Amino acid sequence: MIKKILPILLISLIALTAAGAVSSTSDEDLGTLTVTFDCGCTDSADGYRNGNDGGAIHYDIGPHNHPVVYAVLTFDDGTTVVWNEKNGLENAGLPAGYWVANWHWVYTPSGVLTISDAIGLCPICPCI
C-alpha cells in the first residue's frame with residue numbers, strides 16, 4: 001500500500017515545490033512610479049510586467065485632469081530614475097478633446113522611462 005502511495009506523494013511534493021518557485025518571482029522589485037501634474041498633485045503606481053515585451057516594466061497612472069510635468073521611479077534599494085521630460089513628451093498633456101486621462105508609462109530594460117501613451121476618458125462636449 002505504501003509503495004503505491006509513495007510515488008503519488010513524491011510527484012505532489014515536486015509539483016508544490018515547483019509552484020512555490022514560480023510564485024517567488026512576485027517578490028521582484030518593479031519600482032513605484034510617482035508622477036507630478038501641473039497642479040502640484042501627485043499620483044503613484046506600482047510596476048507590473050505584461051509578459052510579451054522583452055522585460056519592460058509598465059505603470060498606469062490616472063485618471064487625472066492635468067498634464068504631466070515630472071516623474072520619478074523609485075526602487076526598494078533606493079535607486080531612482082527621473083523622467084527626462086523628453087521621452088514621450090508628446091503624451092504628457094491631455095489628449096485633444098478630453099478633460100481627463102490615464103497615462104501608460106514604460107521603463108525599458110535599457111533604463112529609459114517614457115510615457116507610452118495617454119488615453120482620454122471624458123470627452124469635452126458642448127452643452128446644448
Side-chain angles (χ1 to χ4, degrees):
M1 174 81 161
I2 291 180
K3 287 183 180 181
K4 290 182 180 181
I5 296 174
L6 189 59
I8 294 171
L9 290 174
L10 287 174
I11 291 171
S12 298
L13 181 60
I14 291 169
L16 290 173
T17 303
V22 170
S23 67
S24 69
T25 59
S26 66
D27 293 335
E28 180 182 17
D29 179 16
L30 301 177
T32 300
L33 179 67
T34 302
V35 174
T36 304
F37 300 91
D38 76 346
C39 60
C41 324
T42 61
D43 193 1
S44 296
D46 292 330
Y48 65 92
R49 295 192 191 273
N50 69 9
N52 62 0
D53 59 2
I57 305 171
H58 299 262
Y59 307 85
D60 294 320
I61 298 289
H64 213 282
N65 62 343
H66 289 275
V68 172
V69 295
Y70 179 81
V72 62
L73 176 57
T74 306
F75 292 94
D76 289 345
D77 67 2
T79 302
T80 59
V81 177
V82 176
W83 177 52
N84 66 8
E85 299 181 24
K86 295 178 185 174
N87 296 328
L89 181 61
E90 69 276 9
N91 296 318
L94 294 168
Y98 292 88
W99 65 277
V100 174
N102 282 337
W103 286 265
H104 183 79
W105 292 72
V106 176
Y107 180 63
T108 68
S110 62
V112 176
L113 180 61
T114 187
I115 306 173
S116 174
D117 58 29
I119 301 160
L121 298 177
C122 297
I124 299 171
C125 300
C127 296
I128 298 176

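Predicted model only: the values in this text are computed from it and were never measured.
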Residue list, ring-ring contact (aromatic ring centres under 6.0 Å, His included) with Y98, at least two apart or on another chain: none
D77: side chain to side chain donor-acceptor pair (under 3.5 Å) partners, not counting sequence neighbours: T79
D76 side chain vs D29 backbone, donor-acceptor pair below 3.5 Å: no
Results of side chain to side chain donor-acceptor pair (under 3.5 Å) for H64 - residues two or more places apart only: none
Shortest non-hydrogen contact from G93 toward A118: O-CB, 4.1 Å
Steps toward side-chain contact (heavy atoms from CB on, under 4.5 Å) verdict (Y107, L30): CA-CA 10 Å; Y107 180 63; L30 301 177; over 6 Å; no
Minimal non-hydrogen separation, L113 against W83, with atom names: O-CD1, 3.4 Å
Partners passing side chain to side chain donor-acceptor pair (under 3.5 Å) against T32 (at least two apart in sequence or in another chain): D46
Closest heavy-atom pair and its distance - F37, I61: CZ-CG2, 3.8 Å
Working for side chain to side chain donor-acceptor pair (under 3.5 Å), residues T42 and T36: CA-CA 4 Å; T42 61; T36 304; 5.9 Å; no
Partners meeting disulfide (SG to SG under 2.5 Å) with C122 (sequence neighbours left out): none
D38 side chain to H66 backbone, donor-acceptor under 3.5 Å: no
Value rounded to 0.5 Å, distance of OG1 in T114 from CG in L89: 9.5 Å
Working for side-chain contact (heavy atoms from CB on, under 4.5 Å), residues I57 and L73: CA-CA 11 Å; I57 305 171; L73 176 57; over 6 Å; no
L33 side, atom CG; D43 side, atom CG - distance, nearest 0.5 Å: 9.0 Å
Donor-acceptor contact present, side-chain W103 to main-chain N91, <3.5 Å: yes
Nonpolar side-chain network containing V69, other nodes, edges under 4.5 Å: Y70, V72, V82
Intermediate values then yes/no, side-chain contact (heavy atoms from CB on, under 4.5 Å), L121 and N102: CA-CA 7 Å; L121 298 177; N102 282 337; 3.7 Å; yes
From CD1 (I115) to NZ (K86), nearest 0.5 Å: 14.0 Å
Distance in Å, D117 CG paired with E90 CD, rounded so as to fall on 0.5 Å steps: 10.0 Å
Spatial distance of atom CZ (F75) from atom CD (E28) [nearest 0.5 Å]: 9.5 Å
Where T34 and S44 come nearest, the two heavy atoms and their spacing: OG1-OG, 2.9 Å
Full working for side-chain contact (heavy atoms from CB on, under 4.5 Å) between V35 and W105: CA-CA 10 Å; V35 174; W105 292 72; 3.8 Å; yes
